[in-house]
Amino acid sequence: QFMASAPWYLNEDKPTLKHQKNWKGEEKKETRWYDRGAKVFQAIKYRKGACTNCGSMSHKTKDCMERPRVKGAKYTNKNIAADDKIQDIDIHGFEAKRDRWNGYDEREWVKHAQKFEEVQNLRQELRKKELLEKKFQGELEDVDGALRTEEDKFVEEEDAAFGKVKVRAKSAGGGESGTVRNLRIREDTAKYLLNLDVDSAYYDPKSRSMREDPNPEKDPSEKTFAGDNFVKQSGQAQGFQQLNLFSVMGGERGQEVHLQATPSQAEVSFRAVQERKKLLQKNTSKDVLEKYGNVAEKPSEEVKALRGTEAYVEYDASGRVIRGQEIKARSRYEEDVHPGNHTSVWGSWYSDGVWGYACCHQTTRNAYCTGEDGKKARLVTNTGNAVRDEEPPSPTRRNIPVPPHGAEIWGTDSAKDIDEEKLQKAIERQKRMEHANESNDTKKRQHYSGDEGLDVSAEDMEAYRLKRSRGDDPLMAIEKQKALLKGGSKQGYDFV
């Protein structure tokens, strides 16, 4: 509308485009250009105002393009350069000003094309002579076929070179800094087609980049593209990040390390720290291997001696040895070490919250063994302390019986002296106790509500052995399933 509507002052009664441009002017093709290398005058003597180096009047000394002479033409009057033809061409056309081929002589291209064809023909003749020599020597049969194969390969290489799609790369100053390879091959799948979910990785159409991984849940071995940020985590990128982090942390600690100001110093310092760190790790791993050994190495004879034996041992349902002798595997650490003439190890005796030696009842770790005399002295000391500290019992405190110990609780080594009727009652009592423990009503229990269980008999211990859970038993899972099916016990074997 605004292009066709003429202003009111043109007095146009119908739409026209005469007011938009100079429609009266005629377009002229401007093909004029500078005469390259044209000379106008050749002087034989130096002229005042000419170039002191070459003697030409076309330019000044500071603009001279010839090699600086030892003695200029002003002083020698020899080899005076000719005057160049100076032209002032005024080109007004928009296309003519920007015509990059303006002034190009097409005859120059013909010369280059002829020279290229001559070189190609010469190469083909030389190659044909080489193939004929191979044919005469019996190494080749078909010369023409070999030539055609080489020509096909050359054509394929040319096609591959011309098939590269290149784009202009704009520089920061606004100009063009040359060409770069296209970001992807046309046969490859586009990045935005790898995952069509709208909430997946963002694709920037301007830079044709996708920084995040479009398929993070996919197997890495099946991926063809893992995001542009994957490149930042490969190669020397990680080393540069570590160097940058080292320089920042070093600057915070007061060290004179700066990656931008002194990059070489920062890199040397970083390498020195890395070498010291590797040496420390190597020494640490060496010390650990010397102390604990290396599992990858073959075991020594001492370690082989610690392994299991093939001696036959038979156990009953409660885990006691019936036949054979139980052999416990020794560890790699020192065992049965008796310092200070002791005959037992430290911690083999316990009394009143204190550990000691069972051979002499000494409670000091580095004490020398005193034998039976030490036991008697310990007994006298404890008796004196008990008499001195004896007080009348409190009327509110109940007399809690001391639980029996030793063979009175655990019974004898065999189960022949156990009464079957008492054992059945003990098993029922054990079931009731387990059922009571499983209930959550523990808030109403009195403080001494469990005192009645202190009177433990051999039958009670046998019932406990039969009903207890043994997690290391390989048949435990099978027995649990059988108990669930039969409605029996869920902990251990049913008593038969």
Side-chain angles (χ1 to χ4, degrees), residues 291-293 302-309 311-391 393 397 399-418 426 430 450-473:
K291 186 174 182 180
Y292 299 102
E302 298 178 357
V303 177
K304 290 181 180 179
L306 301 176
R307 293 183 175 178
T309 178
Y312 178 77
V313 183
E314 186 175 349
Y315 302 89
D316 62 354
S318 60
R320 291 175 294 190
V321 179
I322 298 176
R323 185 180 304 171
Q325 184 177 1
E326 187 177 13
I327 300 176
K328 296 182 178 180
R330 297 173 61 88
S331 65
R332 65 175 63 184
Y333 304 100
E334 296 182 354
E335 297 183 5
D336 298 334
V337 178
H338 307 295
N341 203 23
H342 290 281
T343 57
S344 60
V345 297
W346 169 259
S348 59
W349 181 73
Y350 179 81
S351 176
D352 297 333
V354 181
W355 294 97
Y357 293 97
C359 56
C360 60
H361 292 183
Q362 289 281 356
T363 57
T364 305
R365 180 73 179 270
N366 298 327
Y368 194 79
C369 183
T370 56
E372 295 296 331
D373 295 338
K375 290 183 179 180
K376 294 178 181 179
R378 184 75 180 178
L379 181 61
V380 171
T381 304
N382 292 340
T383 304
N385 294 335
V387 172
R388 191 184 310 111
D389 299 336
E390 185 176 0
E391 296 180 358
R397 182 176 180 182
N399 294 326
I400 303 174
V402 178
H405 60 278
E408 298 178 3
I409 294 180
W410 295 95
T412 58
D413 293 338
S414 63
K416 296 180 181 179
D417 300 335
I418 297 176
Q430 182 72 16
D451 294 343
E452 63 275 2
L454 293 176
D455 189 10
V456 182
S457 62
E459 287 79 5
D460 293 332
M461 292 305 303
E462 186 68 20
Y464 169 72
R465 294 191 194 100
L466 294 173
K467 300 300 295 182
R468 69 174 177 174
S469 176
R470 292 175 290 277
D472 56 345
D473 191 351

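Predicted model, so just to flag it, every value in this text is computed and none were measured. Numbering starts at 1 and runs along the sequence shown.
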Requested in this report: Could you walk me through whether C360 and H342 pass the side-chain contact (heavy atoms from CB on, under 4.5 Å) test, one step at a time?
Outcome: CA-CA 8 Å; C360 60; H342 290 281; 3.4 Å; yes
**Report entry** Heavy-atom check, side chain of V321 versus side chain of Y315, under 4.5 Å
**Finding:** yes
**Report entry** 4.5 Å side-chain heavy-atom contact, H338 and V345
**Finding:** yes
Query raised in the report: Quick one: does R378's side chain get under 4.5 Å of T363's, heavy atoms only?
Result: yes
**Report entry** Shortest non-hydrogen separation from A377 to T381 and the atoms involved
**Finding:** O-OG1, 2.8 Å
Requested in this report: Kindly say whether A358 contributes a backbone atom to a donor-acceptor pair with the side chain of S348 at under 3.5 angstrom?
Outcome: yes
**Report entry** Nearest non-hydrogen partners of C369 and N341, listed with the distance
**Finding:** CB-O, 3.5 Å
Requested in this report: Using the six-membered ring wherever Trp is involved, compare the ring planes of Y357 and W346 and label them parallel, tilted or perpendicular (cut-offs 30° and 60°).
Outcome: perpendicular
Query raised in the report: Which distance, rounded to the nearest 0.5 Å, do you find between the CH2 of W355 and the CZ of R365?
Result: 12.5 Å
Query raised in the report: Which distance, rounded to the nearest 0.5 Å, do you find between the CD of Q430 and the CE of M461?
Result: 9.5 Å
Query - Euclidean distance, E372 CD relative to K375 NZ, rounded to 0.5 Å - result: 4.5 Å
